[in-house]
Amino acid sequence: MKNNKQIELLKDLWNSNDILRPNKIIEYGPYILSMVFYKYLSDRAVRLIVPAEITDPAQVQAAYEKAYEETEIREKLGYVIEPRFTFTALVTRADQQLEMLAQAFAKIEATDEFYRDIFSELELNSKKLGQKRTQIVLEIIKTSAKLNNVEYQELALSDIYTGLLQVISQSAGTKGIGLYSPASVNELMSKLLLKELAGKSEFTVYDPTMWSGTLLLELQKYSDALIKYYGQEGNSELYDLARMNFIIHGVNEEEQVLNNGDALGDDWPNNGELDFDAVLMNPPFSERWHADKALLQDPRYERYGVLAPKAKADFAYLLQGLHHLKEKGTMAIILPHGILFRGNAEEKLRRQLINENVIDTIIGLPSNLFHYMNIPTAIVILKKDRATKDILFIDASAEFDKGRIQNTMNAEQIEKVLDAYVKRADIDKFAHVASYEEIFENEFNLNISRYVDTFEEEAIAMDTVVADLKAAQVESKRVQANLYHSLEKLVDEYGESEESIRLFLKGMKK
C-alpha cells in the first residue's frame, strides 16, 4: 500500500457492510482475500485477449466470450478462466454464485500443479459463514467489484491485497497474528539484508516462518536483482494466502519454492538447495515447542549440546535459519529481548554463538510496533564468515512516530539505523561496537542497555533554581520562627533551666 489514506479507504470499503464488521473480519478475511486474488486471475485472463480501450463491463464480457480460446490462455498464463466464470459473470449471477465459484476454483486447481489446492482452505459451505453464507459471498463479490471504481484505479491489485492483509490483521487484533508484519519492520529488515547483497544480480532468500509472505515480498520493492524465494508456513490457511500473495505480486513459478510444514518439525528444505544467500525471519515469539531430546542428534541443533527451552522456541527458530545460511550469507531475525539475557539453556546457546563469532549486530526496536503485542523486540543480524569478534549494538527504541493503535518508524528513522549499521562506529547514545573482551566482562549478557548508554541528565533552568532557593529560604525562616515561639513558651512554663530546654528538645525529636 502507498499510504495510510489508502489503508483507511480500504477499511471504509470493507466495513461499509454490517456483514463485514471487524468482529467477523477474521472469519471472513480469507474469503475477502481469495476473492481479490480470483479477481486478479480473472482480470489478467480477460486483458490478455480484450483490448484495454474496452472498459464497459458488459462489452468486456462480450469481447472475452467472443475471443476466448482455452488453449491460448492456458499456455500463456498457466490457468484457465472460462467466460462463464469471469469475475464480471459472477457479479451478475447472484443466484448461482456458490455453485459457480466452486466450479471455477476446481477448474483453476486442475489446470496446473502450481495451482493445486490453492483454494482448499476456502470452504464455501463453511459454518464460519453461518446460514447466510450465500448472502455473505455475494456481499464480498459485490464489494470486490467496487475495486474498479475511480478511487481505486491507481492501486494495483497487489497493493490492495497487501493493504487488506494489514486491515484484516489490525481489525482482528491478536487473532490476526501472522497475516501482516508491520510495514516499517519489513522495510528495515529488508534494507538491512540488501546492504549485504548489494551488487548481486541474483540471490536466494529463505524464510522458514513466512506467515502470509509479506516480509519476503518486501525485498522486491527495493531490489532489481532476480530473487528466488524459499518459504515455509505451518498454518495451511496462511500458506494458501502466501501462495496467492506471491502470484498476485508477479513472482513467477520458477522463482518461488513454498512449503506447507512446521519449521521446527522435519527440516525443510532437505534436498536440492540447502543453503541460502539470505535468511529473513519473523518467527512466533516465545512459542512452546516439543524440544524432544532426540533433536540433539538433528544437524540443526547437535553441535550446541542443548535445546531451546520448551516454553520458548526463540533460539530453535534462530538455529533453524542459521543452519541454512551460506558461509558468505547474512541472516536477519526479529526476536524478543529475552534472548539477549535469559539464563540456563539460552545462556549456553548465546555463549556458543558469541564464541563461534556469528552474531554481528543487535538492533533494539521501538515498543508497540506490532498491533497485537507490546513487548521489547530486537533485530539480530548473523553471519558465519566474520573477520572481527565484535558486536554492533544499536538502540533505536526512541526512533518512532506514535500512533493511535501502534507506533511506526518513518523513512528518516529507518535511514538513521541503516546509516549506523553501515558505518559500524560508536555514536553517542545510539550505537556502540563492543569488543569480545567487553562482552566477556559482561558475562555474555547482550542486553543493549549494557553497551549503549542512553541516559540523559535533565537540564534545569536557572530561573527554576533561583525560585527553589527563594522558596527554601522562606521555609527556613518559617521553621525558625516556629522554633523561637516554642522556646518562648518553654521559658514561660518551665523557666530557663538547661534541663527544661533539654527535655523540650527531646520531646520534639519524638
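Contact check for Ile354 versus Phe440: no side-chain heavy atoms found under the 4.5 Å cut-off. Side-chain contact check for Lys312 versus Glu346: some heavy-atom pair is nearer than 4.5 Å. The closest side-chain heavy-atom distance from Leu101 to Met35 is below 4.5 Å. In this structure, the side chains of Ile160 and Leu10 come closer than 4.5 Å at one or more pairs of heavy atoms. Considering only heavy atoms from C-beta on, Val205 stays 4.5 Å or farther from Asp207 through its side chain. Looking at heavy atoms from C-beta onward, Asp401 lies in side-chain contact with Gln413 at the 4.5 angstrom threshold. The closest side-chain heavy-atom distance from Asp360 to Leu392 is not below 4.5 Å. In this structure, the side chains of Phe315 and Leu353 come closer than 4.5 Å at one or more pairs of heavy atoms.
Expressed to the nearest 0.5 Å, how far CG of Leu340 lies from OH of Tyr451 amounts to 9.5 Å.
Residue Asp277 forms a side chain to side chain donor-acceptor pair (under 3.5 Å) with just one option from Lys328, Lys326, Lys228, and that option is Lys326.
Ring planes of Tyr229 and Phe246: perpendicular class, angle over 60° (limits at 30 and 60°).
The two residues Ile108 and Tyr79 make their nearest non-hydrogen contact at CG2-CB, 4.4 Å. Residues Leu325 and Lys384 come closest through the heavy atom pair O-NZ, 2.7 Å. The minimum heavy-atom distance between Tyr115 and Ile247, with the atom names listed, is CE2-CD1, 3.8 Å. What you find for Phe430 and Ala396 is that their closest heavy atoms are CE1-CA, 4.1 Å. Minimum interatomic distance between Ile227 and Leu219 (heavy atoms only, all atoms of both residues): CD1-CB, 3.9 Å. Scanning all heavy atoms of the two residues, the minimum distance from Leu194 to Ser223 falls at CD2-CB, 3.8 Å.
Glu356 and Arg303 are joined by a salt bridge, as a carboxylate oxygen and a charged side-chain nitrogen come within less than 4.0 angstrom of each other. Of the charged side-chain nitrogens involved, at least one lies within less than 4.0 Å of a carboxylate oxygen, so that Glu196 and Lys383 count as a salt-bridged pair. For Lys191 and Glu187, the salt-bridge test passes: some basic side-chain N is under 4.0 Å from an acidic carboxylate O.
Aromatic pair His432/Phe393: centroids not less than 6.0 angstrom apart.
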Worksheet item: Does the salt bridge (charged side-chain N to carboxylate O under 4.0 Å, His left out) test come out yes or no for Glu113 and Arg116, once each step is laid out?
Response: CA-CA 5 Å; Glu113 182 67 26; Arg116 182 181 294 276; 2.9 Å; yes
Discussion item. Run the salt bridge (charged side-chain N to carboxylate O under 4.0 Å, His left out) test on Glu8 and Lys11 for me, step by step, so that the C-alpha distance in whole Å, both residues' side-chain angles and the decisive distance to 0.1 Å come before the verdict.
Written reply: CA-CA 5 Å; Glu8 293 303 317; Lys11 282 184 179 179; 3.6 Å; yes
